[in-house]
Structures are given as structure tokens and as C-alpha cells.
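Notes for the one structure printed next.
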Amino acid sequence: MKKRFLALFLALAALLSSVGCFFKKEQTIAPRKKQDGLVVYQIFVRSFYDSDGDGVGDLKGVAEKIDYIKSLGANAIWLNPIYPSPSYHGYDVTDYKDVNKDFGTMEDFENLVKKAHENGIKVILDFVPNHTSSKHPWFEKALKGDRKYKDYYIWSDKDTNLRELSGIGQKAWHTKDSKNYYYATFWSEMPDLNFDNKKVRKEIKDAAKFWIDKGVDGFRIDAALHIYDGKRFKDTVAWWQEFSNYVRSVKNDTYIVGEVWDSESKIAPFFTAFDSCFNFNIAEKIIEALNTGFSTKFSQRLKYTYDAYKAEYKDYVDAPFLTNHDMDRVMSKLDSVEKNKAAAAIYLSLPGNPFIYYGEEIGMKGHKPDEEIREPFKWYRTTGQGQTKWELIKHNVGEYSPSVEEQDKDPNSLLNFYRDFIKFRLSDDVMKYGDIVSFDTTPLAVSFIRDKNGEKRLVIVNIREENVLIDKQLINDNGFNKIIKGNAGEVTENGVQKYQLKPYDYVIFTNK
């Protein structure tokens with residue numbers, strides 16, 4: 001009887017271990033330094049700058065253009081995946097500890113990090129731990145029956161519903177031989193890793209340490225929500241707590257920003273692990289406000305979002321942005337330079353670390369498929385040294401051909417608007433570090449207050465094609481009577497004094 005009980009106990013223990021119950025419901029969160037004060041420039045390396053004339057952007061090219069990034073005002077760069085990969089985008093990794101030969105060598109990467117740091121620019125690396133390439137040696141060995149590596153991935157059993165959809169609504173189960181079905185959230189050629197396997201977790205931690213040792217300052221975590229694809233949400237968060245604690249034990253000021261594309265209630269718990277999460281919902285509401293000319297939904301979403309985040313982790317650091325490499329470009333959504341300036345004024349005034357997608361600052365267009373939102377960066381109106389050519393340019397050529405070459409010289413260009421606004425943001429501690437407070441002026445403008453220890457900035461952005469009037473008394477009664485950035489005229493309407501903002505213009509008041 002005792003032997004039977006012991007055997008049952010051991011079997012149960014093995015089962016619990018195999019389904020991931022090693023995770024604690026709540027892990028101790030290691031102390032961490034608040035990682036704000038950044039403006040991050042996102043670079044799709046293949047499209048950015050070609051240093052050797054082969055038509056493909058590379059790491060030497062990024063290093064050569066550090067001065068441009070510095071002139072923009074960004075103090076951090078996020079590199080989309082630079083690992084070996086069979087695909088142009090790099091999100092199907094075949095080696096977590098090497099550099100894609102299209103982009104150069106490990107020495108090139110180390111030199112880039114060194115040059116960036118010499119110029120006060122941090123380097124954030126795209127990290128893709130949810131899945132590997134189907135051509136990764138781990139998966140190839142798994143397909144050949146290697147038991148160690150088969151357990152690195154997720155396989156079906158007799159009870160599996162092979163018609164099940166993944167967390168993004170796509171086919172989840174795939175096979176190479178009609179017998180062994182493996183789980184892949186995004187694509188058959190990107191099989192998901194099995195995070196119930198402690199060896200997998202160690203591999204991912206080791207990879208992170210490898211790059212930290214190379215000088216990386218942080219990671220952008222791809223597909224952070226999909227470690228357990230929604231079925232075991234708490235275990236997903238717990239894993240990221242474990243990962244983040246480990247990373248900070250290696251380098252305590254490592255910046256970690258997560259891609260969690262979901263509702264605020266799903267995003268908020270990740271702040272217990274990550275420094276930041278991308279604010280997809282606010283990005284959507286900024287664009288909606290400018291396209292409709294009404295700010296009500298934006299204001300409501302702003303308050304709801306930040307209240308949800310603060311309730312989960314009071315020292316959260318937001319990551320506002322307009323679009324990225326997975327979204328239609330903002331100039332294709334807001335088809336005017338003035339609207340794009342207004343959008344920039346809004347998100348570059350929000351708290352946290354704003355992210356700029358390469359080309360956004362010159363108004364590049366692009367819409368799906370993915371290759372067309374990752375087109376070669378336009379250094380020149382036509383072509384010139386360093387221009388990448390890996391992909392045919394469709395949206396930013398001919399009559400509409402934005403470029404650094406032309407906008408650099410134009411004081412009224414979108415590029416110089418970005419430069420000026422980023423310089424202001426990073427020179428003002430309230431704009432850089434302050435909290436946010438809701439403040440509504442009119443539904444025809446976006447408005448909010450930034451507050452740092454009682455010193456405040458009131459940001460108002462006209463989102464209409466016509467002039468907008470705002471009650472001067474409302475502004476003054478709340479302690480704001482001095483303009484420190486932007487423009488607002490003064491008019492009298494029916495005996496009432498008003499501030500007047502021109503179409504898509506902005507103004508920032510101070511209470512000091």
C-alpha cells in the first residue's frame with residue numbers, strides 16, 4: 001500500500017512539474033530603477049542605411065548615421081531583430097547569440113554599441129523568445145526525434161483539438177510529417193517554445209545575458225502575451241517576472257519594454273515585470289481624434305489607461321508611439337504634414353518613453369502588406385550613397401517622395417518639427433519625468449496636464465482644420481498664464497476673452 005501511495009505521489013509530482021506549476025502565483029519583484037527620460041528611435045536595420053553598397057541596410061550603416069539620430073534628439077535606439085534568420089524580417093530566429101550576416105559581424109555590432117554609447121545613446125535589442133524559426137537547430141533536432149529538443153517545443157497528444165486557433169485567431173497546430181503536430185501562434189515556420197521546460201527558460205536567460213555582456217542597454221520583448229497564449233495568463237506574467245528579475249541581477253538598469261497588444265486590464269499586470277509596455281490603445285485614439293476632430297474618446301481612454309496602470313504598479317513607465325513595423329504608417333492614416341505635427345505634439349508630450357518609427361519623422365507613407373510598411377528609409381528624394389534597395393519603394397517615390405535631404409534644410413518641415421519638440425521635451429524635467437493629470441478644455445482639442453512636484457505644464461493641441469477658441473479664464477483660473485512653447489493668439493468673443501489656436505497648432509502653458 002505504501003509503495004502504491006509513493007508511486008502515485010511521484011507521478012502526481014511529475015505531472016504538476018510538467019504542466020508548469022513550478023510558477024508561484026506571485027513572485028517577489030526585485031527593486032528596480034525607474035527607466036524614464038528616453039526618446040527611442042526604432043530602426044528596421046535592413047531598410048535604414050547601406051554602408052557597403054549591396055542594397056541592404058547594415059549595422060555599420062546605423063553606426064555611420066548616429067549623428068543623424070543624435071540630431072533628431074533621440075537618446076536610445078531600438079533595433080528590430082538582427083539575429084540569423086531565413087526571413088527578411090528576422091522574427092524567426094535560428095541563433096539567439098549571433099548576428100545576421102546580411103547586417104555584418106559581431107564586431108560591427110560591438111562597434112555600433114560603442115559609438116552609440118559615446119554619443120549618449122542607449123541600444124535596445126528586439127528579443128524574440130516566444131518562438132524560433134522552424135530552421136533553428138533545436139527544432140530540426142526535435143523533428144529528428146531528439147528527446148531533449150523535442151521538449152523545447154509544444155506537441156499535440158491524443159486529446160488535442162487540431163482545429164484549435166491560436167491566440168491571434170490563426171491555425172495553431174502544424175505538422176511536417178502528418179504525425180507530429182506542433183504549436184505555432186503566428187506561423188507554421190515559427191514554432192512556439194515550451195516554457196514549462198526549465199532548460200528553455202535557461203536558454204532564453206542565457207541569450208539575454210549574452211547581449212547584456214555585449215553592452216546592450218535593454219530589450220524590446222516580442223509577443224510577450226503569448227508565452228502561454230492566454231490559457232495560463234498568470235503563468236505568462238510570472239515567467240516575465242522571473243526573466244526580468246534575472247536580467248536585472250545581471251545589469252540592474254536594463255530597460256525592458258514589452259509588446260502586449262491587448263486591453264489595459266491585460267497590459268497592466270506586465271508592469272510588475274517590464275519597465276514599459278507599448279501603448280497601442282492611446283496610439284489608436286490619437287489618430288482617431290485627429291481624423292474625427294473630437295477628443296472626447298481620447299480623453300476618456302487616457303484617464304482609464306493610466307488609472308489602470310497605476311493601480312497595478314505605481315512607478316510604471318509608459319511607452320507611447322504612433323505606429324510601428326506592424327502597423328500602417330501614420331502618414332497614410334493622417335494624410336497631411338500638419339496633422340502629423342499635431343499627432344507628434346500629442347504623443348511626444350505624454351509621460352514615459354516615446355518611440356519613433358524610422359521614417360515617421362519625415363512623413364513616410366506605407367500600408368500593409370508588411371514589406372510596404374518597412375520600405376527603405378528615404379535619405380534622398382531619388383537616390384544616393386547609403387540608400388537601401390532591398391525592397392522596391394512604392395509609397396514614397398515620384399510626386400510624394402519625402403526625404404531627409406530636402407527636409408533637413410526646411411525650418412518648417414516635419415523633420416525639424418520633431419527635432420525642435422524632442423529638444424524641448426528632453427530639456428524640461430516636467431515634460432520628461434512628470435505625471436499626467438486629466439484636464440479638458442474643449443472636445444475640439446486634446447489637452448492634459450503634466451505635473452512634477454507641483455510644477456505643471458498644460459498641453460493643448462488643436463485637432464481641427466479650423467481655428468479653435470478656448471476660454472482664457474478657464475486656463476488662468478487653474479494657474480496657467482505663461483506660454484513656454486507653441487502659439488496661441490488672444491481674441492474676444494461676446495465680451496469673453498479667449499485663446500485662439502490655429503488649425504492643428506499647439507500651445508504649452510506653465511504655472512511657474
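With S295 contributing its side chain and P443 its backbone, the two residues share a donor-acceptor pair below 3.5 Å. The backbone N or O of D318 sits nowhere less than 3.5 Å from a side-chain atom of N279 that would complete a donor-acceptor pair. In this structure, E110 contributes its side chain and K214 its backbone to no donor-acceptor pair below 3.5 Å.
How far CG of N291 is from CD of E288: 8.5 Å, rounded to the nearest 0.5 Å.
Among residues two or more places apart in sequence or in another chain, the side chain to side chain contact (heavy atoms under 4.5 Å, CB included) test is passed with A445 by T441, T442, I460. Remark: K251 engages D253 in a side chain to side chain donor-acceptor pair (under 3.5 Å) (not counting sequence neighbours). F448 pairs by the ring pair (Phe, Tyr, Trp, His ring centres under 6.0 Å) definition with nothing, not counting sequence neighbours.
Of the N and O atoms on the side chains of D102 and Y88, not one donor lies less than 3.5 Å from an acceptor on the other residue. A donor-acceptor pair shorter than 3.5 Å cannot be found between the side chains of S87 and S85. D126 and Y83 share no side-chain donor-acceptor pair at under 3.5 Å.
Judged by a 6.0 Å distance limit and a 45° cone about the ring axis, R419 is not positioned over the six-membered ring of F424. Both tests pass for K266 against the ring of F233: distance under 6.0 Å to the centre and angle within 45° of the axis.
Y68 and Y49 have their aromatic ring centers separated by at least 6.0 angstrom. Checked against the 6.0 Å centroid threshold, F421 and Y506 count as a close aromatic pair.
Pairs passing the salt bridge (charged side-chain N to carboxylate O under 4.0 Å, His left out) check and including a residue from residues 386-404, sequence neighbours excluded, read E372-K394. A salt bridge (charged side-chain N to carboxylate O under 4.0 Å, His left out) check over residues 344-370, counting only residues at least two apart or in different chains, returns the pairs D335-K365, K368-D370, D370-R374. Here salt bridge (charged side-chain N to carboxylate O under 4.0 Å, His left out) pairs that include residues 51-69, with residues two or more places apart or in two chains, number zero.
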Could you check R450 against D428 for salt bridge (Lys or Arg N to Asp or Glu O under 4.0 Å), going step by step and ending with a plain yes or no? CA-CA 11 Å; R450 300 293 307 281; D428 187 288; over 6 Å; no
Test Q407 against N416 for side-chain hydrogen bond (donor to acceptor under 3.5 Å, both in side chains), laying out the working first. CA-CA 7 Å; Q407 294 191 28; N416 281 314; over 6 Å; no
After noting the C-alpha distance and the side-chain angles of E405 and R381, does the key distance pass the salt bridge (Lys or Arg N to Asp or Glu O under 4.0 Å) rule? CA-CA 7 Å; E405 178 182 46; R381 181 170 177 81; over 6 Å; no
Using salt bridge (Lys or Arg N to Asp or Glu O under 4.0 Å), reason through D420 and K485 one step at a time and then give a plain yes or no. CA-CA 10 Å; D420 178 67; K485 187 71 174 166; 2.4 Å; yes
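More than 12 heavy-atom neighbours from other residues, nucleotides or ligands sit within 6.0 angstrom of NZ on K34. Residue-environment remark: NZ (K303) stays at or below the threshold of 12 foreign heavy atoms within 6.0 Å. The number of heavy-atom neighbours closer than 6.0 Å to CD of E465, taken from other residues, nucleotides and ligands shown, is 12 or below.
Ring geometry for F127 versus F219: interplanar angle of 30 to 60°, hence tilted. F243 and W239 have tilted rings, their planes meeting at an angle from 30° to 60° on a 0 to 90° scale.
Here the options are F274, F270, Y309, the test is ring-ring contact (aromatic ring centres under 6.0 Å, His included), and the partner is Y316; only Y309 passes.
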